[in-house]
Number of protein chains: 2
Amino acid sequence: MRNSIFKALAHPARRQVLALLRKGPRLAGDLAAEFESSWPTMSRHLAVLKAADLITAERHGNQILYRVNTSVLEDAATALLGLIGSDNGDDELKEAAE
Amino acid sequence: MRNSIFKALAHPARRQVLALLRKGPRLAGDLAAEFESSWPTMSRHLAVLKAADLITAERHGNQILYRVNTSVLEDAATALLGLIGSDNGDDELKEAAE
DNA sequence: TCGCTAATTAGTCTTTTCGCTAATTAGAGT
DNA sequence: ACTCTAATTAGCGAAAAGACTAATTAGCGA
């Protein structure tokens, strides 16, 4: 679902999560501590990112390790670049209307 | 202002507008005719894209010609690529070795 | 000025998103 | 089983987004 990807990218906190995960996988709590929002709020942001397949969750005992899903992020970037260049990438972005 | 860009990209109709404008500038009404939504609704979408500076409007007598602002779109794509972290691609070798 | 067309803005409503607190699940350790 | 910690889910209210109809602006031509 490409639409959910761009929707997920629409929130600054979620983009910042991706920026943090870019440097390496992190635990949910560790991640949440970086933000001012409450922990449940961050958990929801993570859920949105996960639903868009932009990140993956991996349980390690008591805690959950998140890592960025680079290929999906690449897809989004490619889709954007498709809007610029005149190469094919035409119906890349037309997804079912909501 | 970057946030408004990603927010603008969050709606499929708006991405499709950009896809149409990629092939060349178009009149507002001509553009609106491509969609099933009402004309005012499309006008709003165009306003959102314009507020994000993703498109520019140019009045030609009675009608308004829209064209895509490629550089801003490039900025967004670059921002996405920045989240992937391919500042230099050398890290890929490390990961492959693991 | 009047009428016509193109497009936006106003106003209202419904749906979605966001962020909080409180409650709940899940696992590890005792 | 009990408890502590990690994290999510539930539930609520506020804010924003989306889409519609109706009203309005802007420009052209007779």
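On a predicted model such as this, the values are computed, not experimentally measured, just so you know. Naming: A, B, ... by sequence-line order, numbering from 1 per chain.
- Between A/His45 and the phosphate of C/dG19, there is a side-chain N or O to OP1/OP2 separation shorter than 4.0 Å.
- Each of A/Ala13 and B/Ala47 has a nearest nucleotide on DNA chain C; the 5'-most of these lies closest to B/Ala47.
- In this structure, the nucleotide among D/dA7, D/dA16, C/dT21 sitting nearest to the side chain of B/Lys7 is D/dA16.
- Pair check for D/dC28 finds C/dG3; Watson-Crick or G-U wobble, both atom distances under 3.5 Å.
- Using a 4.0 Å heavy-atom criterion, one finds that A/Ser43 contacts the bases of the nucleic acid, with or without backbone contacts as well.
- Taking side-chain N and O atoms only, A/Arg14 has a distance below 4.0 Å to OP1 or OP2 of C/dC18.
- Contact annotation: B/Tyr66 does not reach the phosphate of C/dA6 (side-chain N/O to OP1 or OP2, under 4.0 Å).
- Here the side chain of A/Arg26 pairs no donor or acceptor atom with the backbone of A/Leu21 at under 3.5 angstrom.
- As a whole-Å value, the separation of A/Glu58 CD from D/dA7 C1' is 16 Å.
- For A/Thr41, a side-chain nitrogen or oxygen approaches OP1 or OP2 of C/dC20 to under 4.0 Å.
- Pairing each heavy atom of B/Trp39 with each of B/Gly29, the nearest pair is CZ2-CA, 3.4 Å.
- Side chain of B/Ser38, nearest nucleotide from D/dT21, C/dA7, C/dG27: D/dT21.
- Looking at heavy atoms from C-beta onward, B/Thr70 lies in side-chain contact with B/Glu74 at the 4.5 angstrom threshold.
- OP1 or OP2 of C/dG19 has at least one side-chain nitrogen or oxygen of A/His11 nearer than 4.0 Å.
- Nucleotide C/dA6 holds its C1' atom 14 Å from the CG atom of B/Leu31, rounded to whole Å.
- When rounded to the nearest whole Å, the span between CD1 of B/Ile64 and P of D/dG27 equals 9 Å.
- Hydrophobic clustering (ILVMFWY, side-chain heavy atoms < 4.5 Å, transitive): B/Leu46 and B/Val48 are in distinct clusters.
- Pairing of D/dA15, defined by two Watson-Crick or G-U wobble distances under 3.5 Å, is identified with C/dT16.
- Nearest to the side chain of A/Arg59, among D/dC20, C/dT8, C/dA26, sits C/dA26.
- Computed from coordinates, the B/Asn62 CG to D/dT25 P distance equals 16 Å when rounded to whole Å.
- Atom pair A/Leu49:CG and D/dT8:C1' shows a separation of 15 Å (rounding to whole Å applied).
- Between atom CG of residue B/Asp53 and atom CG of residue B/Leu73 there is a gap of 11.0 Å, rounded to the nearest 0.5 Å.
- Note on A/Arg44: a base of the nucleic acid sits closer than 4.0 angstrom, heavy atoms only.
- Rounded to whole angstrom, the span from the CD atom of B/Gln63 across to the P atom of C/dA7 amounts to 5 Å.
- Atoms CD1 (B/Ile55) and C1' (C/dT8) sit 13 Å apart, rounded to a whole Å.
- Of all heavy-atom pairs spanning B/Ala52 and B/Val72, the tightest one is O-CG1, 3.9 Å.
- A straight line from CG of B/Leu46 to P of C/dT8 spans 6 Å, rounded to a whole angstrom.
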